[in-house]
*Asks:* 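Quick one: the structure is below, questions incoming.
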There are 2 protein chains.
Amino acid sequence: MPIKDIITEEQRMAARYAKAMGHPIRMYILELLTKQACCYSGDLSEILPIAKSTLSQHLKELKDAGLIQGEIEAPKIKYCINRENWAKAKQLFQTFYGI
Amino acid sequence: MPIKDIITEEQRMAARYAKAMGHPIRMYILELLTKQACCYSGDLSEILPIAKSTLSQHLKELKDAGLIQGEIEAPKIKYCINRENWAKAKQLFQTFYGI
DNA sequence: ATCGCTGTTCGTTAAATTACGAACAAAGAT
DNA sequence: ATCTTTGTTCGTAATTTAACGAACAGCGAT
């Protein structure tokens with residue numbers, strides 16, 4: 001039996017979200033974005049002692065996973081939680097942890 | 001400021017658990033273990049079309065992250081959820097997702 | 001004592017992740 | 001038109017992850 005028929009779509013999605021959350025810096029970013037509405041990449045760059053390019057990569061991962069979204073507010077980019085997917089992730093983990 | 005003082009211990013732990021959950025097969029295993037009390041590696045090996053050694057690696061990752069535990073029941077090994085750490089992970093995700 | 005069954009460890013390979021600095025691109029300000 | 005600011009992309013390197021089959025180890029049964 002192919003693996004595709006064994007693993008459910010929910011499990012795949014949950015794993016996708018979990019993977020994006022699977023790094024301390026990304027958890028930090030996500031938590032920050034839940035506590036304040038939004039933030040600019042530059043704000044994070046000032047706080048976090050990592051290269052801008054590394055930060056950009058982490059933001060891209062979070063964006064690709066669908067957990068955050070970026071809105072151009074030239075010359076900056078404003079990042080916020082992607083509410084829709086956040087709710088999906090929340091629901092998946094709720095179910096998973098039997099909440 | 002060193003990274004260690006910026007990322008909280010909670011964020012690090014949550015990332016650790018999330019990372020372990022960040023693979024479809026590991027999500028499948030975890031979900032199975034929440035629905036039935038325990039299972040043997042052999043049961044999983046029959047269901048999942050992956051090499052025994054690969055399965056063993058995934059189980060080890062889950063064990064190292066503290067989400068499951070194995071109990072020898074010769075000649076098999078019985079795997080169960082590690083209730084204590086499961087509760088911790090659950091609590092971390094609850095807080096994180098504002099549940 | 002050795003055979004069989006279970007599951008881990010070893011050795012290897014390919015791919016993905018994490019990180020950096022340098023170079024680049026976009027767009028408003030001078 | 002050029003400068004400045006912001007953030008991404010490129011190129012690179014080191015590490016980790018994921019996967020496999022073969023070899024090994026533990027232990028109960030023969």
Side-chain angles (χ1 to χ4, degrees), chain A residues 1-4 6-7 11-12 14-30 32-33 38-80, chain B residues 1-4 6-7 11-12 14-30 32-33 38-80:
Chain A
M1 176 128 66
I3 197 91
K4 215 191 158 189
I6 295 161
I7 311 286
Q11 284 161 350
R12 241 183 294 274
R16 183 83 183 79
Y17 290 129
K19 193 175 179 183
M21 292 163 57
H23 190 289
I25 286 182
R26 293 198 290 269
M27 279 303 290
Y28 175 88
I29 295 169
L30 288 172
L32 189 79
L33 286 180
C38 298
C39 78
Y40 298 100
S41 172
D43 303 344
L44 293 167
S45 200
E46 276 177 28
I47 302 167
L48 297 167
I50 57 173
K52 276 191 307 173
S53 50
T54 304
L55 174 58
S56 199
Q57 267 184 76
H58 283 305
L59 288 169
K60 179 170 160 44
E61 282 218 36
L62 290 171
K63 207 162 43 178
D64 289 352
L67 287 172
I68 67 170
Q69 59 196 354
E71 188 187 329
I72 294 167
E73 211 168 87
K76 299 181 180 180
I77 294 179
K78 192 175 69 174
Y79 283 102
C80 321
Chain B
M1 179 130 61
I3 197 92
K4 214 191 159 190
I6 295 161
I7 310 286
Q11 284 161 351
R12 241 182 295 274
R16 182 86 183 79
Y17 290 129
K19 193 175 181 184
M21 292 163 57
H23 191 289
I25 285 182
R26 293 198 291 269
M27 279 302 290
Y28 175 88
I29 294 169
L30 288 173
L32 189 79
L33 286 181
C38 300
C39 77
Y40 298 100
S41 171
D43 302 346
L44 294 167
S45 200
E46 275 179 27
I47 302 167
L48 297 167
I50 58 173
K52 273 192 306 172
S53 50
T54 305
L55 175 59
S56 200
Q57 266 184 75
H58 283 305
L59 289 169
K60 179 170 159 47
E61 282 216 36
L62 290 171
K63 208 162 40 176
D64 288 350
L67 287 172
I68 67 170
Q69 59 196 352
E71 190 187 327
I72 295 167
E73 211 167 88
K76 300 181 181 181
I77 294 179
K78 191 174 70 174
Y79 284 102
C80 320

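Since we're looking at a predicted model, the values are computed, not measured. Letters go in sequence order (proteins before strands), and every chain restarts at 1.
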*Asks:* What side-chain donor-acceptor pairs closer than 3.5 Å can you find for residues 58-67 of chain A, not counting sequence neighbours?
*Replies:*
from, atom 1, to, atom 2, distance (Å)
A:H58, ND1, A:R26, NH1, 3.0
A:K60, NZ, A:D64, OD2, 3.1

*Asks:* With sequence neighbours left out, what residues match B:P75 under side-chain contact (heavy atoms from CB on, under 4.5 Å)?
*Replies:*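 B:P75 satisfies side-chain contact (heavy atoms from CB on, under 4.5 Å) with no other residue.
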*Asks:* Expressed as a whole number of angstroms, how long is the span from B:I7:CD1 to C:dT18:P?
*Replies:*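 In whole Å, C:dT18 P and B:I7 CD1 are 13 Å from each other.
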*Asks:* For the helix from C:dA1-D:dT30 to C:dT30-D:dA1, measure the angle between the helix axis at one end and the axis at the other, each built from five pairs, rounding to 10°.
*Replies:*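 End axes: 0° apart.
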*Asks:* Restricting to nitrogen or oxygen on both sides, can you table the protein-nucleotides 3-10 of chain C pairs closer than 3.5 Å?
*Replies:*
from, atom 1, to, atom 2, distance (Å)
C:dG7, OP1, B:S41, N, 3.4
C:dG7, OP1, B:G42, N, 3.4
C:dG7, OP2, B:G42, N, 2.8
C:dG7, N7, B:K52, NZ, 2.9
C:dT8, OP1, B:Y79, OH, 2.2
C:dT8, OP2, B:S56, OG, 2.6
C:dT8, O5', B:S56, OG, 3.1

*Asks:* Only counting residues at least two apart or in another chain, list the ones meeting side-chain contact (heavy atoms from CB on, under 4.5 Å) with A:I6.
*Replies:*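 A:I6 satisfies side-chain contact (heavy atoms from CB on, under 4.5 Å) with A:M1, B:Y28, B:I47, B:L48, B:P49 only.
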*Asks:* Tell me what A:I50 touches on the nucleic acid: a base, only sugar-phosphate, or nothing, going by heavy atoms under 4.0 Å.
*Replies:*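 Here A:I50 touches the backbone only, sparing every base.
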*Asks:* Any heavy-atom pair between the side chains of B:Q11 and A:P24 that's under 4.5 Å?
*Replies:*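 Not touching, per the 4.5 Å side-chain cut-off.
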*Asks:* Mind jotting down which residue pairs meet the side-chain hydrogen bond (donor to acceptor under 3.5 Å, both in side chains) criterion with at least one end in residues 45-57 of chain B? Sequence neighbours excluded, please.
*Replies:*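 side-chain hydrogen bond (donor to acceptor under 3.5 Å, both in side chains) check on residues 45-57 of chain B returns no pairs.
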*Asks:* Can you list the steps and then say if B:Y79 with B:Q69 is a side chain to side chain contact (heavy atoms under 4.5 Å, CB included)?
*Replies:* CA-CA 6 Å; B:Y79 284 102; B:Q69 59 196 352; over 6 Å; no
*Asks:* Is the phosphate of D:dG7, meaning OP1 or OP2, less than 4.0 Å from a side-chain N or O of A:H58?
*Replies:*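 Looking at the OP1 and OP2 atoms of D:dG7, neither is under 4.0 Å from any side-chain N or O of A:H58.
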*Asks:* So if I take every side-chain heavy atom of A:K19 and compare against C:dG28, D:dA19, C:dA16, which nucleotide ends up nearest?
*Replies:*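 Among the listed nucleotides, the one closest to the side chain of A:K19 is C:dA16.
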